[in-house]
There are 2 protein chains.
Amino acid sequence: MSEHHHPVSAPCAGDLFGGSRLSAARRAIAEAVRSLGGAFTAEELHAAVSATHAGIGVATVYRAVAAMSAAGALAPVGSRDGSTLYALCAGGDHHHHLVCTGCGTVVGIECPVDGSLLSSAKSAGYTVTAHEVTLYGLCAACAACAAERD
Amino acid sequence: MSEHHHPVSAPCAGDLFGGSRLSAARRAIAEAVRSLGGAFTAEELHAAVSATHAGIGVATVYRAVAAMSAAGALAPVGSRDGSTLYALCAGGDHHHHLVCTGCGTVVGIECPVDGSLLSSAKSAGYTVTAHEVTLYGLCAACAACAAERD
DNA sequence: TCCTTAGTGAGAATGATTCTCAGATGCACG
DNA sequence: CGTGCATCTGAGAATCATTCTCACTAAGGA
Ligand SMILES: [Mn+2]
Ligand SMILES: [Mn+2]
Ligand SMILES: [Zn+2]
Ligand SMILES: [Zn+2]
């Protein structure tokens, strides 16, 4: 179904899963991830994939989320009501995410952790090995909606 | 027991709890928080307080952690094995935390989210309302320990 | 001192996530 | 193309951090 839609360098549905095996369930889950567009919980992803492909178990969705995260295709972007939120991650260069708390859309942002912060950490005796940065806010549409609601 | 140890502006044991009531259990919990020094889970805090003050329930510790967090005296600094890590927060000006993954010590760091990042978010149509930043690394002692272990 | 109400402890409940297990199936290799 | 086997799957049980319930106690303002 995709023979001539994409150049060879653009994987059509699959390669959110790195090296691991590509089953029918995982193909459906990858499709659902793409259709959701923004941030989602594992349960929401399960609901989305179930709408078009019945019979996929929730454990399979959790395992797929873990596999996609390990492959770097998914990134955790906070939590909602005790459930972890995930979003499709562009990959490539190092970056972080800005999540609309209204609709869940996500955009990549450049990393604000710079040499000056790292050197001030170093002067406190620390070697920084990792960091987490996530921004939250409202996209234009959600901000407009919130404004007219007064 | 603290009549003349501190000037009036330095609360002796209590005021991690903002405006709320100061019970014996909460006094003991505040003391345990101080004795732990670094990052801790609710269970670890419960164990620490239980060592010196038997009979305090785990639910009370969870409630105390929530109260201290609401008062701004405690900040979440990541998680370990599925449990949230908390640390005493200096309060005052806006800052974030750098946690030693070896021993759990925490230091405050200046906020790296600057106007340029916010304006690039704005040019993407987003209004930023909140952000989370946490750094992880090794303190001098833990780095030395890791180095000699080769 | 009294009263109101927030805080407490024990245990049950909740709920997200992980695990177990027997069966199915990608896919590398010949 | 087969075959073999490691990986994946679905159902349900299990785990376990955190929250809730409830009867009771005790801050602390009046
Ligand atoms: Mn990304
Ligand atoms: Mn702090
Ligand atoms: Zn970064
Ligand atoms: Zn900040």
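Here is how names work: the chains are called A, B, and so on, in the same order as the sequence lines, proteins then strands, and each is numbered from 1.
Summarising the geometry, the separation between NE2 on A/His53 and C1' on D/dT9 is reported as 15 Å, rounded to the nearest angstrom. The separation between A/Asp81 atom CG and C/dG15 atom P is 11 Å, rounded to whole Å. Between the NE2 atom of A/His46 and the P atom of C/dG15 there is a distance of 18 Å, given to the nearest Å. We find that CD1 of B/Ile29 is positioned 8 Å from P of C/dG9, with the value rounded to whole Å. Remark: C1' of C/dT17 and CD of A/Glu44 are 16 Å apart, rounded to the nearest angstrom. If you take CZ of B/Phe40 and P of D/dA17, they are 16 Å apart, rounded to a whole angstrom. Note: CD1 (A/Ile56) to P (D/dG10) measures 6 Å, nearest angstrom. Distance CG (A/Leu85) to C1' (C/dT17): 15 Å, rounded to an integer number of Å.
Distance from the side chain of A/Ser83 is smallest to C/dT17 among C/dT17, D/dT18, C/dT8. The listed nucleotides are C/dC27, D/dG10, D/dA26; the one nearest the side chain of A/Arg21 is C/dC27. With distances taken from any side-chain atom of A/Thr60 to the nucleotides C/dC27, C/dG9, D/dG10, the minimum falls on D/dG10. Set against C/dC27, C/dT17, D/dT18, the side chain of A/Leu22 has C/dC27 as its closest nucleotide.
Heavy atoms of A/Ser20 sit under 4.0 angstrom from primed sugar atoms or phosphate atoms, though from no base atom. Contact annotation for A/Ala25: backbone-only contact, meaning every heavy-atom pair under 4.0 Å involves sugar-phosphate atoms and none involves a base.
Rounded to the nearest 0.5 Å, atoms CD1 (B/Ile29) and CG (B/Leu16) are 10.5 Å apart. Atom-to-atom distance recorded for A/Leu135:CG and B/Thr127:OG1 is 12.0 Å, nearest 0.5 angstrom. In this structure, CG in A/Leu117 is found 6.5 Å from CD in B/Glu110, a value given to the nearest 0.5 Å. Note that OG1 of B/Thr101 is 10.5 Å distant from CZ of B/Arg80, once rounded to the nearest 0.5 Å.
The phosphate of C/dT17 (OP1 or OP2) has a side-chain N or O of A/Tyr62 nearer than 4.0 angstrom. The phosphate of C/dT17 (OP1 or OP2) has a side-chain N or O of A/Thr84 nearer than 4.0 angstrom. Look at A/Arg63 and you won't find any side-chain N or O under 4.0 angstrom from OP1 or OP2 of D/dT7. For B/Arg26 and C/dT8, the shortest distance from a side-chain N or O to OP1 or OP2 is below 4.0 Å. Contact between the side-chain N/O atoms of B/Ser23 and the OP1/OP2 oxygens of D/dA26 is not found at any separation under 4.0 Å.
Below 30°, between 30° and 60°, or above 60°: for B/His131 and B/His96 the angle between ring planes is between 30° and 60°, a tilted geometry.
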